[in-house]
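Note sheet for the following structure.
This structure is a prediction, so every number in the text was calculated from the model and none was measured. In what follows, every heavy atom counts, from backbone to side chain, and hydrogens, waters and symmetry copies are set aside. Remember, it's 1-based here, ligands and their atoms both numbered in the order they're listed. The first residue of the sequence shown is numbered 1, and numbering continues consecutively from there.
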Amino acid sequence: MKARAGVAILGSTGSIGISTLDVLRRHADRFRVVALTAHRDVEVLLEQCLAFEPDYAVMADETAAERLRDRLRAADRPVEVLAGAAGLERVAALPEVDQVMAAIVGAAGLLPTLAAARAGKRLLLANKEALVMAGPLFVAAVRDRGAELLPIDSEHNAVFQCLPPDFASAGLESCGVRRILLTGSGGPFRATPLNQLAEATPEQACAHPNWRMGRKISVDSATMMNKGLEVIEAHWLFDALPEQIEVVVHPQSVIHSMVEYRDGSVLAQLGCPDMRTPIAHALAWPGRMDSGVAFLDFARLATLEFQPPDFARFPALRLAFAALAAGGTAPAILNAANEVAVQAFLDRRIRFTAIPAVVERTLEQVAGRAAVTLATILDDDARARAAAGERVAALAVEV
Ligand SMILES: NC(=O)c1ccc[n+]([C@@H]2O[C@H](COP(=O)([O-])OP(=O)(O)OC[C@H]3O[C@@H](n4cnc5c(N)ncnc54)[C@H](OP(=O)(O)O)[C@@H]3O)[C@@H](O)[C@H]2O)c1
């Protein structure tokens, strides 16, 4: 057995990537950072390379890769710098890599994340969009290539912890599972008067009450599309039927999700809202190790509240359930339209309330296909981006 497990972090400069490095720093005796990757943030990747001395660094952007190469050469550090999508896929499948943290945001993470699964790695999945787009391909890769798929999303990591160890082979039904209860805080606009939502700014949408995250997932949390993507993610991760997955709004984000059993028992996983807990859990699984996260103080936990989700306030949630029911490439179309709409909102080209409207129109316009292959996914993703882009142009206003 190797002395230290090799880890590659796809998206190391983002919120999840930085939290992962924080956990790894505490366990340098158990893990070795083999590869770090980013899109174009040269400064942060350089700093990470100097601190963690990986064998490889990848910049998706070719010009940024050139800059990083120069800077590392000047610092006399022997890190091999790769560029582009091919570089990302290569480090995800390196023989010296045992675990891959998939923490690129959005569809850009699909191919390298799939490459890690197909190379039979332990895949720590934060990049939920990849699974939403290509669920059947991941399920097949895990089955056929002996990969391990461990959820990093706090909700799915909580569900994983509340299920028996053999749930994947036995199936939820034989394990006595009745429902998976995904909790969600409801985001920053849970109680905002409906007639004010159209005026919401990117700054307000990104100010999540409980979690510090990247901008895209923050906006997704504000529309609750994030919870919708998580419903689809739960379907693939746990082989759960749509009617077995329920969303519960829980504003305090202390219970990260629950599993309800046939006998009436409900198992929940609790903890402070800090992504280092699920990250440490997945890195150490089936063991446990320190994460640096503060422990819950039950004497200070005043109340835990629960509410049903408001589908009128959060139409994105309804659209995600509909895409899951439609199946085939519909979830990839939903995801692509959402990425386009969220970026347009962040760029102040459309209003907050236009995000689900763009997604809904795209789902109506772009016909999905039943066959989920890499080719149909990528093609429908491109068609959805074009249709959503046209809708954004038609709706564009100064916010
Ligand atoms: N943040 C959380 O608490 C949280 C919780 C649960 C799940 N997740 C999921 O984890 C994933 C990452 O979220 P995040 O909040 O960490 O995002 P983030 O802070 O925006 O970081 C995204 C990372 O992906 C890289 N990246 C962006 N576009 C890329 C491209 N085209 N090609 C290659 N790399 C690219 C970024 O590089 P640059 O820095 O160079 O741009 C950065 O390293 C998302 O799928 C999200 O849904 C996040």
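- For the side-chain contact (heavy atoms from CB on, under 4.5 Å) criterion with Ile232, the lone passing option out of Ile245, Leu334, Leu237 is Leu334.
- Looking only at heavy atoms of the protein, atom 11 (C) of ligand 1 is closest to Ile104 O, 3.8 Å.
- In this structure, Ala103 counts as a contact residue of ligand 1, since one of its heavy atoms falls inside 4.0 Å of the ligand.
- You'll find the ring centres of Phe352 and Phe189 inside the 6.0 Å limit.
- With respect to atom 37 (O) of ligand 1, the closest heavy atom belonging to the protein is His39 N, 3.0 Å.
- Scanning all protein heavy atoms for the shortest distance to atom 6 (C) of ligand 1 gives Asp153 OD1, 2.9 Å.
- For ligand 1 and Met275, the ligand atoms under 4.0 Å from any heavy atom of the residue are 3 (O), 5 (C), 6 (C).
- Of all heavy-atom pairs between Ala64 and Val42, the closest is O-CG2, 3.6 Å.
- When each atom of ligand 1 is checked for a heavy atom of Arg40 under 4.0 Å away, the hits are 40 (O).
- In terms of protein heavy atoms, atom 43 (O) of ligand 1 is closest to Thr13 OG1, 2.7 Å.
- Aromatic ring orientation, His156 versus Phe238: parallel (interplanar angle below 30°, classes split at 30° and 60°).
- Asp239 CG: 12 or fewer foreign heavy atoms inside a 6.0 Å radius.
- Taking every heavy atom of Ala108 and a limit of under 4.0 angstrom, the matching atoms of ligand 1 come to 30 (C), 31 (N), 32 (N).
- Between the side chain of His281 and the backbone N or O of Gln161 there is no donor-acceptor pair closer than 3.5 Å.
- Panel note: side chain Arg77, backbone Leu50; a donor-acceptor pair is recorded below 3.5 Å.
- Counting only heavy atoms of the protein, atom 33 (C) of ligand 1 lies nearest to Ala60 CB, 3.5 Å.
- With a 4.5 Å cut-off between side-chain heavy atoms of Ile, Leu, Val, Met, Phe, Trp and Tyr, the cluster of Leu270 takes in Leu181, Val248, Val254, Ile255, Met258, Val266, Leu296, Phe298, Leu301, Leu304, Phe306.
- Between Val44, Ile217, Asn127, Asp61, it is Ile217 that holds the heavy atom closest to atom 8 (N) of ligand 1.
- Side-chain N or O atoms of Arg361 include none that pairs as donor or acceptor with a backbone N or O of Ala388 at under 3.5 Å.
- Among all non-hydrogen protein atoms, the one lying nearest atom 45 (O) of ligand 1 is Glu129 OE1, 2.7 Å.
- Ligand 1 has a nitrogen or oxygen under 3.5 angstrom from a nitrogen or oxygen of Gly14.
- Nearest protein heavy-atom neighbour of atom 15 (O) of ligand 1: Gly214 N, 2.9 Å.
- Of all protein heavy atoms, the one closest to atom 19 (O) of ligand 1 is Ser15 N, 2.9 Å.
- With Asn226 as the fixed residue, the side-chain contact (heavy atoms from CB on, under 4.5 Å) test singles out one of Leu317, Asp220, Asn338: Asp220.
- Counting atoms of ligand 1 from 1 in the listed order, those under 4.0 Å from a heavy atom of Ala38 are 37 (O), 40 (O).
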